[in-house]
Amino acid sequence: FNSTEWLSGLIFYTFFQNFGQNGLITLRILVALSTLFVLYKTLYLITKNLSVQILTLEFSAFMLSFRFKDRPEIFSYLLVAFTNFICLHYFFKKKLPVIYYLLPITFLLWPNMHPSVYLGFGIIGFYIILFTSRILLKLDKFKSHAKFFLLCLASICLSLVQFKRLSIIFDFQKLQGHDLTEFGSILTEWQRAKGYHPITQMSLSFYLYLALSLAFLILLIYSFFKTKNITSNKILWTFYFLLLLTPIKLFRLVPITTLLATPAFLYIAKNNLKSLPKIPIIAKTFVVFMSTLLLFSIIQKQTLGNTQYQQIVFYQEKSGDSRPVGAINRIWNENNPKLAGDFIKNNLEAKHLFTSAQWNNYFIWQIPQVKVFADALFYNRANDDYEAEDKINAGADNWKEHIDNYQIDTIVIPQIYFPFQTPAQELQNWQLVYIDGISRVYAKENIIKNKVFDLSMFHPEIFEKQKFKKEDGQKALKSLDKLLSTDPQNAFARTQLIESYMENDIQKAKNLTEESRQLSPNDPYYSLYLVRIYTKLGQCQKAKDFAQEVKSKSYNDFFINMEIKNALTSCPNTN
């Protein structure tokens with residue numbers, strides 16, 4: 001409750017506690033549909049053309065989907081859309097709808113939900129200045145806008161009385177020197193590919209944003225050339241165009257600025273393209289295009305053209321130089337260590353847990369009685385904390401001393417996050433106590449309260465596919481069977497058993513792999529095992545068919561593609 005976003009956190013937590021993981025999905029759907037409904041009401045002020053309305057709603061939904069995750073940011077879309085609707089409604093109708101009286105309450109709550117309240121200030125501030133200018137130019141009377149000014153000022157004041165929460169955003173200076181792509185510019189986003197196919201490595205949202213910005217700029221220039229007079233409409237269009245340019249400095253604002261700018265874009269297009277009769281036909285064509293993007297995004301279970309989950313892979317030359325050689329995308333992997341959390345709750349007396357930055361807040365929710373090393377409240381942390389966290393992550397310098405100094409008794413290591421390399425296996429009086437395809441848990445021996453599986457023969461940190469020595473085979477197989485008995489989908493246990501059977505009983509390996517592929521259809525590694533198995537059986541065509549399935553499921557993951565190539569070396573006519 002010390003966070004600036006405590007109210008968002010409370011809403012998320014309430015849904016999670018009452019409805020579990022599905023509660024978060026339900027909340028996201030409710031917020032998204034509410035945002036699109038408010039946008040629809042805004043569009044209705046500008047055009048009654050159904051095709052144009054549907055196109056704009058689909059375009060906005062698609063753009064929002066790139067960042068619509070379980071985080072406080074999603075509430076900002078709804079609040080910004082609501083503020084924009086109220087102000088545009090007043091601009092067009094010159095009267096206040098009853099719902100306008102919710103604006104002060106919105107601004108009272110907003111600082112506790114997301115820092116995007118500053119965008120709300122910008123929108124309200126613009127309309128106050130616009131109508132004040134009209135009053136000074138004697139185009140309007142103050143009396144006609146008095147109620148609007150009063151409600152706007154009341155809204156701003158209700159936010160400003162919470163100045164401590166509002167000022168937290170300025171503490172980002174504490175993060176200087178730390179690589180945070182979240183706060184990068186449009187240039188930073190472009191450079192994220194590090195030279196590896198920069199065109200294809202950019203998300204589709206980038207190109208749609210550029211197209212919208214360019215079209216808006218052309219229409220804005222045309223409107224000024226068409227008539228030289230400065231009007232309220234032109235000032236309005238210029239304001240929203242400038243808002244649309246803010247992602248140049250902060251790229252993460254692309255969805256929210258497109259949400260704000262699309263109604264204004266429709267308005268300027270309606271005023272300047274009246275003589276083009278083919279506009280409805282063009283709109284219908286793009287409705288089909290956007291519908292297709294949304295449909296296949298649903299089928300694929302991720303937004304088409306989204307590369308935010310990708311990481312670039314570098315090859316280190318002997319000279320010391322490095323060059324980008326590929327990309328990895330692990331969106332297919334389940335990334336919440338639920339079973340690891342359940343294991344810790346039931347079997348360990350953990351007090352201080354260290355894990356990946358992606359999981360800290362998950363464990364705060366799942367095991368609230370256990371303290372994590374860091375949480376999202378960055379403004380409560382000093383640079384020493386960040387440096388210690390980096391050293392423990394990498395197993396660098398005096399990392400073991402930091403383990404003792406911070407009294408860490410439990411370490412949860414992700415199985416797929418490459419930057420996280422804590423060599424917990426080197427710690428004295430610690431044990432590997434749990435492992436699956438998502439994470440592995442190490443604990444100090446003195447906090448183990450229940451008898452746990454003996455996993456001492458496993459070495460998950462090594463690069464070999466088989467994570468145990470041949471002489472420990474029988475012991476390892478018994479432990480793997482026990483792991484499967486408690487978790488039938490345990491990917492670590494299944495892959496280790498498949499690896500073992502491939503050496504001795506290829507048919508048994510094939511049966512277990514096919515069963516595993518049915519249980520976890522999104523996991524490309526089981527399809528990869530079938531590539532290896534059918535190659536070993538001499539059935540190259542089947543192996544090649546499964547290779548295509550692997551590429552599709554892994555989104556052409558660089559490392560998985562290398563494994564495919566190695567597996568198919570004995571098959572003729574294979575690239």
Side-chain angles (χ1 to χ4, degrees), residues 333-356 359 362-363 366-367 369-370 403 408-417 420-505 508-509 512-513 515-516 519-520 523 525-526 529:
N333 195 86
E334 171 64 43
N335 58 7
N336 284 333
K338 183 181 185 304
L339 294 179
D342 291 340
F343 177 87
I344 293 169
K345 279 190 290 188
N346 296 329
N347 298 285
L348 305 180
E349 294 177 337
K351 293 181 179 178
H352 297 96
L353 183 148
F354 184 88
T355 189
S356 164
W359 288 352
Y362 181 82
F363 280 114
Q366 196 184 11
I367 324 175
Q369 67 271 24
V370 176
I403 294 285
I408 295 168
D409 53 37
T410 309
I411 299 176
V412 183
I413 300 180
Q415 296 281 52
I416 62 168
Y417 297 143
F420 196 103
Q421 300 288 343
T422 306
Q425 70 279 357
E426 297 177 8
L427 293 168
Q428 296 293 320
N429 302 317
W430 282 63
Q431 282 187 31
L432 173 64
V433 292
Y434 178 81
I435 188 167
D436 59 19
I438 299 168
S439 64
R440 56 187 190 265
V441 180
Y442 292 86
K444 292 185 76 170
E445 292 176 349
N446 62 358
I447 69 162
I448 301 172
K449 64 180 180 180
N450 293 325
K451 187 178 179 181
V452 296
F453 298 144
D454 180 11
L455 304 176
S456 59
M457 74 294 299
F458 294 113
H459 303 280
E461 72 280 357
I462 64 176
F463 286 102
E464 285 77 7
K465 288 183 170 58
Q466 192 78 73
K467 305 297 183 182
F468 57 87
K469 297 176 182 178
K470 285 188 177 180
E471 55 267 30
D472 293 326
Q474 292 301 317
K475 193 177 177 183
L477 292 177
K478 287 182 181 178
S479 292
L480 292 171
D481 286 335
K482 288 179 180 178
L483 282 175
L484 278 184
S485 67
T486 57
D487 173 22
Q489 286 186 279
N490 191 308
F492 176 82
R494 285 184 171 274
T495 54
Q496 288 301 292
L497 285 171
I498 292 168
E499 287 287 349
S500 179
Y501 295 154
M502 283 184 72
E503 295 293 325
N504 309 308
D505 191 336
K508 198 171 183 180
L512 181 57
T513 304
E515 175 193 292
S516 303
L519 279 173
S520 305
D523 192 332
Y525 277 100
Y526 295 125
Y529 273 114

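The model shown is predicted, which means the values in this text are computed figures rather than measured ones. Keep in mind that the numbers below use all heavy atoms, side chains included, and drop hydrogens, waters and symmetry copies.
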Give, for atom CG of D409 and atom NZ of K351, the distance between the pair rounded to the nearest 0.5 Å. 8.0 Å
For the residue pair L480 and F492, establish whether any side-chain heavy-atom pair is separated by less than 4.5 Å. yes
Given 3.5 Å as the limit, does a donor-acceptor pair link the side chain of K467 with the main chain of I462, or not? yes
Nearest heavy-atom contact between L497 and D481 is CD1-OD1, 4.1 Å
Are any non-hydrogen side-chain atoms of T410 and V370 less than 4.5 angstrom apart? no
Among pairs that include at least one residue of residues 469-479, which meet side chain to side chain donor-acceptor pair (under 3.5 Å), considering only residues two or more places apart or in two chains? D454-K475
What is the minimum heavy-atom distance between L483 and A493, and which atoms define it? CB-CB, 4.1 Å
Atom pair CG (D436) and CD (Q415), whose distance is rounded to the nearest 0.5 Å: 7.0 Å
Checking T486 against F453 for the side-chain contact (heavy atoms from CB on, under 4.5 Å) test, could you report, in this order, the C-alpha distance in whole Å, the side-chain angles of both residues, the deciding distance, and whether it holds? CA-CA 11 Å; T486 57; F453 298 144; 3.8 Å; yes
Donor-acceptor pair, distance only, cut-off 3.5 Å: does the side chain of Q425 make one with the backbone of H459? no
Working to the nearest 0.5 angstrom, can you tell me the gap between L455 CG and L432 CG? 5.0 Å
Is any side-chain heavy atom of Y525 closer than 4.5 Å to a side-chain heavy atom of S520? no
Tell me the closest heavy-atom pair linking K449 and N346, and the distance in Å. CE-O, 3.3 Å
Please determine whether side-chain contact (heavy atoms from CB on, under 4.5 Å) holds for the pair V433 and N347, giving the CA-CA distance in whole Å, both sets of side-chain angles, and the decisive distance to 0.1 Å. CA-CA 9 Å; V433 292; N347 298 285; over 6 Å; no
Under the side-chain contact (heavy atoms from CB on, under 4.5 Å) rule, what do L512 and Y529 come out as? Steps first, then yes or no, please. CA-CA 10 Å; L512 181 57; Y529 273 114; over 6 Å; no
Can you tell me how far NZ of K338 sits from CG of D487, rounded to the nearest 0.5 angstrom? 10.5 Å
Are side-chain heavy atoms of I498 and Y526 found at a separation under 4.5 Å? yes
Salt bridge flag under 4.0 Å for residues R494 and E515: yes
Of all heavy-atom pairs linking M457 and F468, the shortest is O-CB, 3.4 Å
Please report the interatomic distance CD(Q489) to CG(L484), rounded to the nearest 0.5 Å. 10.5 Å
Specify the closest pair of heavy atoms between N490 and Y434, including all atoms of both residues, with the distance to one decimal. ND2-OH, 4.2 Å
Sequence neighbours excluded, the answer for side-chain contact (heavy atoms from CB on, under 4.5 Å) partners of K345 is D342, Q366, I367, Q369
Are S456 and Q431 close enough, and set up right, to give a side-chain contact (heavy atoms from CB on, under 4.5 Å), and what steps lead you there? CA-CA 7 Å; S456 59; Q431 282 187 31; over 6 Å; no
Is the shortest heavy-atom distance from the side chain of F354 to the side chain of I403 under 4.5 Å? no
Please report the shortest heavy-atom distance between T355 and W359, naming the atom on each side. OG1-CE3, 3.4 Å
Can you tell me how far CZ of F343 sits from OG of S439, rounded to the nearest 0.5 angstrom? 10.5 Å
